[in-house]
Amino acid sequence: MHMNDYILTLSCPDRIGIVHHVTGWLLGLQGNIVDAQQFGDLATQRFFLRVHFSLPQDVASAELEQRFVAVADRFDMQASIHDARRKARLLILVSRQGHCLNDLLFRTHSGQLPVEIAGVVSNHQDFRGMVEGYGIPFHHIPVDAASKHAQERRVLDLVEQAQVDLVVLARYMQILSDSLCVALSGRAINIHHSFLPSFKGARPYHQAHERGVKIIGATAHYVTADLDEGPIIEQDIRRVGHEMSPSDLVRVGSDIESLVLARAVRWHVEHRILLNGQRTVVFR
């Protein structure tokens with residue numbers, strides 16, 4: 001990566017001249033395009049663009065956004081410019097299934113995932129040792145019906161205090177309130193234990209086994225007030241057979257969940273995901 005690298009993402013009504021004006025703006029800054037991806041959606045008549053570019057000078061991303069306003073206003077764009085050198089800060093929420101947490105911790109520690117984990121929140125103590133072993137703050141915040149509002153307030157306080165960019169629900173088995181979903185809109189990702197739509201509720205792999213399913217999967221999506229119906233970011237599946245036990249399905253499913261969540265987190269922090277109504281455009 002070059003010394004002064006940035007990522008521009010935008011969406012707007014599709015019309016002639018968008019790329020010409022964006023590249024002209026970059027030329028005026030003596031910018032060099034490292035990578036560019038675009039998509040025009042015929043159904044919604046919207047245009048989506050992600051440009052990774054470098055500049056000879058170091059400029060704050062907020063200042064670049066201000067300089068880009070004239071182009072953005074001309075095409076009615078929703079545009080953002082990010083400093084590609086800055087690592088996103090994550091807050092991970094987990095309950096008592098630790099495979100996704102463990103995977104994210106290792107990928108971050110080994111440099112495979114370009115993030116900083118600001119902390120881990122759990123309503124149980126199970127993974128305190130694992131988390132603190134990586135030198136990451138562990139916050140045990142129990143929750144029940146009576147304490148839910150106060151518990152969620154503490155989570156939001158942590159998001160603000162630690163300057164968190166993304167909240168990751170790594171098999172966090174609590175339903176977020178509508179108000180928390182709104183507060184975290186566009187910056188909270190959940191991993192669902194099914195190739196949505198599929199088996200809901202407790203013991204999904206046992207339900208799948210009883211129904212004799214031939215594929216199992218996982219879905220990573222943005223969190224919204226509509227439970228498990230937020231915009232889908234990534235999905236994957238594996239074929240399974242009659243000879244496999246519920247424990248086998250859990251093992252295979254845990255691997256899929258970890259991979260799907262890691263991909264979704266990476267694409268989000270690399271600014272590869274743009275919302276297209278209830279769907280996503282993912283520049284991989």
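The basis for the numbers below is simple: all heavy atoms, side chains too, and nothing from hydrogens, waters or symmetry mates.
By the side-chain hydrogen bond (donor to acceptor under 3.5 Å, both in side chains) test, Q57 is found to be paired with no residue, residues two or more places apart in sequence or in another chain being considered. R107 is linked by a salt bridge (charged side-chain N to carboxylate O under 4.0 Å, His left out) to D103, counting only residues two or more places apart in sequence or in another chain. In this structure E243 satisfies the salt bridge (charged side-chain N to carboxylate O under 4.0 Å, His left out) test with no other residue, sequence neighbours excluded. Scored by the side chain to side chain contact (heavy atoms under 4.5 Å, CB included) test, H271 finds I7, T9, H82 as partners (sequence neighbours excluded). By the ring pair (Phe, Tyr, Trp, His ring centres under 6.0 Å) test, H139 is found to be paired with no residue, residues two or more places apart in sequence or in another chain being considered.
Look at D236 and R263 and you find a salt bridge, because one of the NZ, NE, NH1 or NH2 atoms lies within 4.0 Å of a carboxylate O, short of that distance.
Grouping Ile, Leu, Val, Met, Phe, Trp and Tyr residues whose side-chain heavy atoms lie under 4.5 Å apart, directly or via other members, leaves V69 alone, with no other cluster members. Within the hydrophobic cluster formed by Ile, Leu, Val, Met, Phe, Trp and Tyr side chains joined at under 4.5 Å, directly or through other members, V71 is accompanied by Y6, L8, L10, I18, V19, V22, W25, L26, L29, I33, F47, L49, V51, F53, L55, V59, L64, F68, F75, M77, I81.
Of the residues V168, V120, V115, the one that meets the side chain to side chain contact (heavy atoms under 4.5 Å, CB included) test with L104 is V168. No option in R238, Q235, H193 other than R238 meets the side chain to side chain contact (heavy atoms under 4.5 Å, CB included) test with I256.
Pairs of residues two or more places apart, or lying in two chains, that qualify as salt bridge (Lys or Arg N to Asp or Glu O under 4.0 Å) and include a residue from residues 9-35 are D35-R50. Counting only residues at least two apart or on different chains, the salt bridge (Lys or Arg N to Asp or Glu O under 4.0 Å) pairs with a member in residues 125-148 are R96-D126, R128-E132, K148-E152. Listed by first and then second residue, the side chain to side chain donor-acceptor pair (under 3.5 Å) pairs that reach into residues 178-191 are S177-S179, N190-H221, sequence neighbours excluded.
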List, one per line, each side-chain donor-acceptor pair under 3.5 Å for residues 155-164, sequence neighbours excluded.
{"unit_1": "D157", "atom_1": "OD1", "unit_2": "R153", "atom_2": "NE", "d": "3.2"}
{"unit_1": "D157", "atom_1": "OD1", "unit_2": "R153", "atom_2": "NH2", "d": "3.1"}

Validation: residues 277-284 side-chain donor-acceptor distances under 3.5 Å, sequence neighbours left out:
{"unit_1": "R279", "atom_1": "NH2", "unit_2": "D41", "atom_2": "OD2", "d": "2.9"}
{"unit_1": "T280", "atom_1": "OG1", "unit_2": "I232", "atom_2": "O", "d": "2.6"}

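When only modelled atom types and interatomic distance are considered, S245 and D248 share a side-chain donor-acceptor pair under 3.5 Å.
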